[in-house]
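These notes concern the structure reproduced below.
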Amino acid sequence: QVQLVESGGGLVQAGASLTLSCAASGRSFSSYSMGWFRQAPGKEREFVAAVSWSGGSTAYADSVKGRFTISRDNAKNMVYLQMNSLKPEDTAVYYCAGRTGWTLKQGQYDYNYWGQGTQVTVSS
């Protein structure tokens, strides 16, 4: 069982940067693949990024590739999402998610554990 708590959201202007953090508690965090998803009002939850258990492999949605970076620190039980060059269309609630398994997945139903979400609002 893993509990996830996101932080770091806020209101920023377009072009700014923001780093989201996800603190994990529970056993065997380093054995979980982790991901970030987001959900804008009236839209489906969508994949943003994922990182393997070791941090050696990552995957990104095309919409954020080159602007966002996912990373993890297994010693601290933390996952991060560095977001640069933010756009108004990045506005959403961002969720941290974890799954048991070695492979990177982009489907929300592949993830077993979810945080409560943190709001990111990008003004134009």
Side-chain angles (χ1 to χ4, degrees):
Q1 190 81 10
V2 175
Q3 290 80 43
L4 304 172
V5 179
E6 303 95 334
S7 62
L11 171 63
V12 297
Q13 291 189 328
S17 297
L18 204 59
T19 298
L20 303 184
S21 298
C22 174
S25 60
R27 299 168 63 180
S28 304
F29 169 74
S30 61
S31 66
Y32 290 83
S33 299
M34 301 298 295
W36 286 96
F37 288 76
R38 67 186 181 187
Q39 187 167 20
K43 294 189 176 182
E44 296 285 321
R45 188 174 297 187
E46 65 175 3
F47 170 77
V48 175
V51 61
S52 63
W53 67 275
S54 67
S57 296
T58 57
Y60 296 93
D62 288 342
S63 59
V64 307
K65 203 171 292 184
R67 299 189 298 124
F68 290 12
T69 302
I70 188 172
S71 62
R72 67 189 294 164
D73 186 337
N74 287 342
K76 297 181 178 179
N77 281 15
M78 296 292 293
V79 182
Y80 306 98
L81 185 68
Q82 172 69 43
M83 305 185 293
N84 298 326
S85 302
L86 282 162
K87 305 175 181 179
E89 51 263 44
D90 294 319
T91 295
V93 177
Y94 283 72
Y95 297 90
C96 177
R99 64 178 298 273
T100 51
W102 302 102
T103 57
L104 298 180
K105 296 289 187 180
Q106 299 188 15
Q108 61 173 314
Y109 299 109
D110 292 313
Y111 288 78
N112 311 96
Y113 307 104
W114 292 86
Q116 83 290 348
T118 185
Q119 176 70 48
V120 172
T121 303
V122 184
S123 64
S124 57

Hey, do the aromatic rings of Phe37 and Trp114 have their centres closer than 6.0 Å?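 Ring-ring flag for Phe37/Trp114: true, centres closer than 6.0 Å.
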Side-chain donor or acceptor of [X] paired with backbone N/O of [Y] under 3.5 Å:
X	Y	value
Asp90	Val122	no
Tyr60	Ile70	yes
Tyr32	Ser52	no
Asp110	Arg99	no

Ion pair check, Lys65 and Asp62, cut-off under 4.0 Å: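 Salt bridge: yes.
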To the nearest 0.5 Å, how far apart are [atom1] in [X] and [atom2] in [Y]?
X	Y	atom1	atom2	value
Met34	Thr58	CE	OG1	14.5 Å
Ser30	Asn77	OG	CG	8.0 Å
Lys87	Ser124	NZ	OG	14.0 Å

What are the two closest non-hydrogen atoms of [X] and [Y], and how far apart are they?
X	Y	value
Val2	Leu4	CG1-CD2, 3.5 Å
Ala50	Tyr111	CB-OH, 3.6 Å
Leu81	Ala49	CD1-CB, 4.2 Å
Gln119	Ala92	NE2-O, 3.4 Å
Pro88	Ala14	CD-CB, 4.1 Å
Asp73	Phe29	O-CE2, 4.3 Å

Under the side-chain contact (heavy atoms from CB on, under 4.5 Å) rule, what do Trp53 and Ser31 come out as? Steps first, then yes or no, please. CA-CA 5 Å; Trp53 67 275; Ser31 66; 5.6 Å; no
With the side chain counted from C-beta on, respond yes when Tyr94 and Glu6 share a heavy-atom pair under 4.5 Å apart, and no when they do not.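 A side-chain contact under 4.5 Å is absent here.
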If you define the side chain from C-beta out and look only at heavy atoms, does anything of Thr91 sit under 4.5 Å from Val120?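 In short, these two side chains do not touch, never coming nearer than 4.5 Å.
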Honestly curious: do [X] and [Y] fall in one hydrophobic cluster under the side-chain, below-4.5 Å linking rule?
X	Y	answer
Tyr80	Val64	no
Tyr113	Val48	yes
Val93	Val12	no

Can you name the salt bridge (charged side-chain N to carboxylate O under 4.0 Å, His left out) partners of Arg72, sequence neighbours left out?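 With sequence neighbours excluded, Arg72 shows a salt bridge (charged side-chain N to carboxylate O under 4.0 Å, His left out) to no residue whatsoever.
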Taking side-chain contact (heavy atoms from CB on, under 4.5 Å) as the criterion, tell me which of Gln116, Gln39, Arg38 meets it with Tyr95.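 The side-chain contact (heavy atoms from CB on, under 4.5 Å) with Tyr95 is passed solely by Gln39 among Gln116, Gln39, Arg38.
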Quiz: residues 17-25 side-chain donor-acceptor pairs under 3.5 angstrom, not counting sequence neighbours:
residue, atom, partner, partner atom, Å
Ser17, OG, Asn84, OD1, 2.9
Thr19, OG1, Gln82, OE1, 2.4
Ser25, OG, Gln3, OE1, 3.2

